[in-house]
Amino acid sequence: MNDRYNPDFDPAGIEGGVDTNALPWLRIPQAPGPRLKPLRASGETGMISAVVGLDAGTSLGPLVHLGAADLLVLSGRMRHTQEPLGAILETGTWGYIPANSRIEGLSVEAETELLMNLHGPVAFLETDSQSVASVLTSLDVQAAARHAGLTLVPNTLAECMRPRPFPTAAVPLAIADDEAARLLLAAEETAADADTTDPHFVDTRAMEFSPVPANPDFGRKILRVSEETGHVSMIFRHNGVAGPHHHLGAADFMVLSGRIGYRAGPPEGYGRGVWFYEPAGARHDSTRRLGDEDLIYTANIYGPIQFDDGPGTPISAVMSWMQYKAAAADAGHPLVANVFDSDASVLAWSPLGSHTAASTG
């Protein structure tokens, strides 16, 4: 049965990934303030994946997330100025912002780079905090990438078959530097005591990797599990070999440490800053660490993963949000919430243009 899913899927080259260090920064008019390295933009769902850069001294907001968003601060420091909530978002902070959330303001204290997934458009507001100045959509990102001569990561198995040129105006991320990468993955004893009261965010450096019972060479920091969508977000330490599996739902990853040996990739594998998107139906017969450095990457998993012992063999296991939620409970990981019923930053537009708290229950 398994070999019928995608028997012709034999892509060449980097397949569904891109080295973010090889991308230039783009300024997109619909997103005033940030600069972007666009990675993926879906015309079907409206989802945008990008590395976002913010210069020190920048003030951002107010804005409204019309779709949900998740982010990891790769480097830098900024302050979420929403009251009565407040948070310092610095290297290693992961956050989830539900749809219809209003961000009153962000103050960038040091040059900051974020890995972001926007699951819908973002509306940037005028200084009156009511009028819409611009709306960033996936179509805007697609148009900006075409204008710059960039090829976005494919969204489907069929698109993975196409040849993909790469840009030459390379601008490495801050984490291309060894010390910056070390700060991102600092052990819990070196994590700063950030003054964080905002429930949307968690300092991933203050979490320990929990072992995976089936493979002691693997460890994970489970960050969010959605019972509504089945989405799971985590940071994964992959020091062993992952056996044959199908991605029944899509997934995306960014390598933060080490090198990963990947189907159709070069013998030396892919290193820090490479971002991958696995379209639904993608198959891996083996994924492994190369070298001695810990292989650590972000992982957003948008559906179950099915394991077997090779093409045509019976299914041996299926990992879904239910198993990950149980694993988080066993590890004592404090999952970031999916809805925030008492959070006044989750807002809806009224007919008169004012904002009132919306129920998310």
Would you kindly say whether [X] and [Y] are connected by a side-chain donor-acceptor distance under 3.5 Å?
X      : Y      : answer
Glu293 : Ser257 : yes
Asn117 : Ser49  : yes
Gln323 : Ser320 : yes
Ser316 : Asp308 : no

Once salt bridge (charged side-chain N to carboxylate O under 4.0 Å, His left out) is applied, do any residues pair with [X], and if so which ones, sequence neighbours excluded?
X      : answer
Arg224 : none
Glu228 : none
Glu109 : Arg77, Arg79
Asp178 : Arg272

To the nearest 0.5 Å, how far apart are [atom1] in [X] and [atom2] in [Y]?
X      : Y      : atom1 : atom2 : result
Leu71  : Thr298 : CG    : OG1   : 12.0 Å
Leu248 : Gln306 : CG    : CD    : 5.0 Å
Leu256 : Leu74  : CG    : CG    : 7.0 Å
Ser210 : Arg237 : OG    : CZ    : 9.0 Å

### Task
Go through Met254 and Val51 one step at a time and tell me if the side-chain contact (heavy atoms from CB on, under 4.5 Å) criterion holds.
CA-CA 11 Å; Met254 176 183 266; Val51 178; 4.0 Å; yes
### Task
Flag yes if more than 12 heavy atoms outside Glu44 fall under 6.0 Å of its CD atom; otherwise flag no.
no
I'd like to check the ring pair (Phe, Tyr, Trp, His ring centres under 6.0 Å) partners of [X]; sequence neighbours left out, ordered by chain and number.
X      : result
Phe253 : Tyr297
His245 : His247, His284, Phe307
His65  : none

#### Entry: Derivation of the side-chain contact (heavy atoms from CB on, under 4.5 Å) call for Val141 and Leu136
CA-CA 8 Å; Val141 174; Leu136 177 69; 4.1 Å; yes
### Query
Does the pair Phe209 and Phe218 meet the rule for a ring-ring contact (aromatic ring centres under 6.0 Å, His included), with working shown?
CA-CA 9 Å; Phe209 283 104; Phe218 293 163; over 10 Å; no
### Query
Between Ile175 and Ala181, which heavy-atom pair has the shortest distance, and what is it?
O-CB, 3.6 Å
### Task
Give the intermediate values and the outcome of side-chain contact (heavy atoms from CB on, under 4.5 Å) for residues Val18 and Leu23.
CA-CA 9 Å; Val18 62; Leu23 294 176; 4.1 Å; yes
Can you tell me if [X] uses its side chain to pair, donor with acceptor, with the backbone of [Y] under 3.5 Å?
X      : Y      : answer
Ser138 : Ala41  : no
Arg182 : Leu185 : no
Asp70  : Ile97  : no
Thr91  : Gly76  : yes
Thr313 : Asp309 : yes

### Summary
The side-chain contact (heavy atoms from CB on, under 4.5 Å) partners of Ala143 (sequence neighbours excluded) come to Arg146
## Note on the structure
For Pro62, the side-chain contact (heavy atoms from CB on, under 4.5 Å) test, sequence neighbours excluded, returns Arg102, Glu104, Leu125, Ser129
### Task
Could you list the residues that satisfy side-chain hydrogen bond (donor to acceptor under 3.5 Å, both in side chains) with Glu227, not counting sequence neighbours?
Lys325
### Task
Only counting residues at least two apart or in another chain, list the ones meeting side-chain hydrogen bond (donor to acceptor under 3.5 Å, both in side chains) with Asp294.
Asn239
### Query
Is the cationic atom of Arg40 (NZ for Lys, CZ for Arg) positioned less than 6.0 Å from the six-membered ring centroid of Tyr277 and within 45 degrees of its normal?
yes
### Message
For His200 and Tyr96, I'd like to know if the aromatic rings sit close, meaning centre-to-centre distance below 6.0 Å.
### Response
no
### Task
Determine which pairs satisfy salt bridge (charged side-chain N to carboxylate O under 4.0 Å, His left out) with at least one residue from residues 20-32, sequence neighbours left out, and list them in order.
Arg27-Asp55
### Task
Output, in order, the C-alpha distance, side-chain angles, deciding distance and verdict of side-chain contact (heavy atoms from CB on, under 4.5 Å) for Val255 and Phe276.
CA-CA 9 Å; Val255 178; Phe276 297 93; 4.0 Å; yes
